[in-house]
Amino acid sequence: MSIDTECQHAYIVGMSDLLGTFEQAVLLAILRLGDGAYGRAVLHQVQESLTKSVAAGAVYTTLDRLEQRGLIDSRLAKGTAIRGGRARRYYVVAAIGNRALADAQKTLAKMWQGVKVPAAVKS
Amino acid sequence: MNFSGPPRWAEFLLERLLAARDRETVAGDLREEYVESIMPRIGRPRADVWYFRHCLSFARRCASEGGPMGRLLIFSSLVTLICSCWLALMELLLRHAGFASRTAVALLIAAICVATLLARMLHLGVRRERWFWPAAVALIWFGAASFLRNARSAHFEGFVFVISLVLVLQGLLMLVTMGRTNGRDRLTIGAGAPSGEAADSIRSDR
């Protein structure tokens, strides 16, 4: 059995370095939001893309983890009156994060290649 | 003054659950969501519940900050807290000879557990180094003494055996984990927590 280059790359990177589904959702939300990607907007976008309610703690924990891994960068911006003057933290996907997303997409496409999921059996 | 934001106590709780780095930004995000979106849509009482639910979602992160040993310390503190409160209550109800001193010891252990939980889960700025060493040594000593006394006595009690081991474990975990600086807080020592003034100008953390 031969392992082609893309899968081999994913294998060498290691399973622990592959992005989880939630991490991908957060990174994609930041990409979609562009310049407006701050915590609250990311939370909204993730909820919209996953079509379910998501706890704020889960999103901010993931943002912290992604930042620690160097996949995203952040900057502080002036707060508004409605926030009680509290600062906003805006996020942007770093080059490494873009690469990780591209890797995840390729790996997923490779995994699904030639697979047909059987129709769900009604019980 | 018409205060239309989330309940003050909930905001206080949220800020204590957050590391210094996130205190301002995350609390601001949730306040913005509460005022602009949630409260107008579902009304104040349900919005308060919404806010509290999201506050609690940060508690899990706090609990896991110390890694497996930190989580074990929280678990053992909770077990010991429940047991010591139960023992104190029983002593007060039954009032056997010497109940006052035993109640005092049980309440002291409960207080150590509460302080440990507050210091670990809420960032209350407790100056840990002042109390955690003697408290940890006291727990180990009391746990070991109870274990030995129980082992030597004619009537071996399983309950005392388990509690004494948990006390020793809790004391050891306190010594190992409590002296460490929180990793996420350490990141902010150089940069400082975002203050209102600092946030006036856009800046990069990296």
Side-chain angles (χ1 to χ4, degrees), chain A residues 16 20 22-23 26 29-30 33-48 50 52-97, chain B residues 3-6 8 11 14-15 17-19 21-40 50-65 182-188 191-206:
Chain A
S16 61
F22 199 75
E23 287 175 329
V26 170
I30 296 171
L33 290 162
D35 290 340
Y38 72 103
R40 181 193 173 202
V42 172
L43 175 63
H44 272 248
Q45 189 64 49
V46 168
Q47 286 180 334
E48 199 177 301
L50 297 178
K52 65 176 181 183
S53 177
V54 174
V59 170
Y60 288 102
T61 305
T62 306
L63 285 168
D64 263 8
R65 191 170 57 244
L66 292 173
E67 195 168 4
Q68 278 170 15
R69 286 169 63 185
L71 299 176
I72 57 173
D73 290 322
S74 76
R75 65 180 170 84
L76 287 178
K78 196 177 174 180
T80 55
I82 209 160
R83 300 167 61 86
R86 293 178 172 108
R88 274 180 180 171
R89 186 177 291 280
Y90 283 91
Y91 297 93
V92 63
V93 179
I96 247 183
Chain B
F3 181 73
S4 59
R8 287 179 197 276
E11 277 199 306
L14 176 67
E15 286 172 1
L17 285 169
L18 294 167
R21 179 182 183 272
D22 299 328
R23 209 159 281 165
E24 195 173 328
T25 53
V26 175
D29 284 347
L30 283 190
R31 185 192 173 95
E32 194 178 316
E33 177 73 358
Y34 177 97
V35 173
E36 281 191 348
S37 171
I38 305 297
M39 198 171 70
W50 173 91
Y51 192 89
F52 183 59
R53 193 165 57 83
H54 281 282
C55 283
L56 290 184
S57 72
F58 289 94
R60 193 179 164 193
R61 177 165 77 166
C62 282
S64 63
E65 271 174 5
N182 182 308
R184 288 166 68 237
D185 279 341
R186 198 186 303 128
L187 285 172
T188 63
S195 65
E197 278 181 34
D200 284 343
S201 57
I202 297 172
R203 59 180 179 160
S204 171
D205 266 13
R206 286 174 177 268

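Letters A, B, ... are given to chains in the order of the sequence lines, protein chains preceding strands, and every chain is numbered from 1.
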Q) Where do A:R40 and B:S37 come nearest, in terms of heavy atoms and distance? A) NH2-CB, 3.8 Å
Q) Between A:D64 and B:R21, is the closest basic N to carboxylate O distance under 4.0 Å? A) yes
Q) What part of A:V54 is in contact with chain B, defined as an atom under 4.5 angstrom from a non-hydrogen atom: side chain, backbone, both or neither? A) backbone
Q. Quick one: which of B:E33, B:E36, B:E32 gives a salt bridge (Lys or Arg N to Asp or Glu O under 4.0 Å) with A:R83?
A. B:E32
Q) Any donor-acceptor pair under 3.5 Å linking the side chain of B:R31 with the backbone of A:I82? A) yes
**Q.** Flag side-chain contact, heavy atom, 4.5 Å: B:R23 against A:R86
**A.** no
Q.
Please determine whether side chain to side chain contact (heavy atoms under 4.5 Å, CB included) holds for the pair B:T25 and A:L76, giving the CA-CA distance in whole Å, both sets of side-chain angles, and the decisive distance to 0.1 Å.
A. CA-CA 8 Å; B:T25 53; A:L76 287 178; 3.5 Å; yes
(Q) I'd like to know whether CZ of B:F52 has more than 12 heavy-atom contacts from other residues, nucleotides or ligands below 6.0 angstrom. (A) no
Q. Do A:Y38 and B:D29 come close enough that some side-chain heavy atom pair is under 4.5 Å?
A. yes
Q) If you take all heavy atoms of A:G57 and B:S57, which pair is closest and at what distance? A) N-OG, 2.8 Å
Q) chain A heavy atoms under 4.5 Å from B:L30: which part of the residue, side chain, backbone, both or neither? A) side chain
Q: Considering only heavy atoms and a distance below 4.5 Å, find which of A:A55, A:A41, A:A58 pairs most often with chain B.
A: A:A55
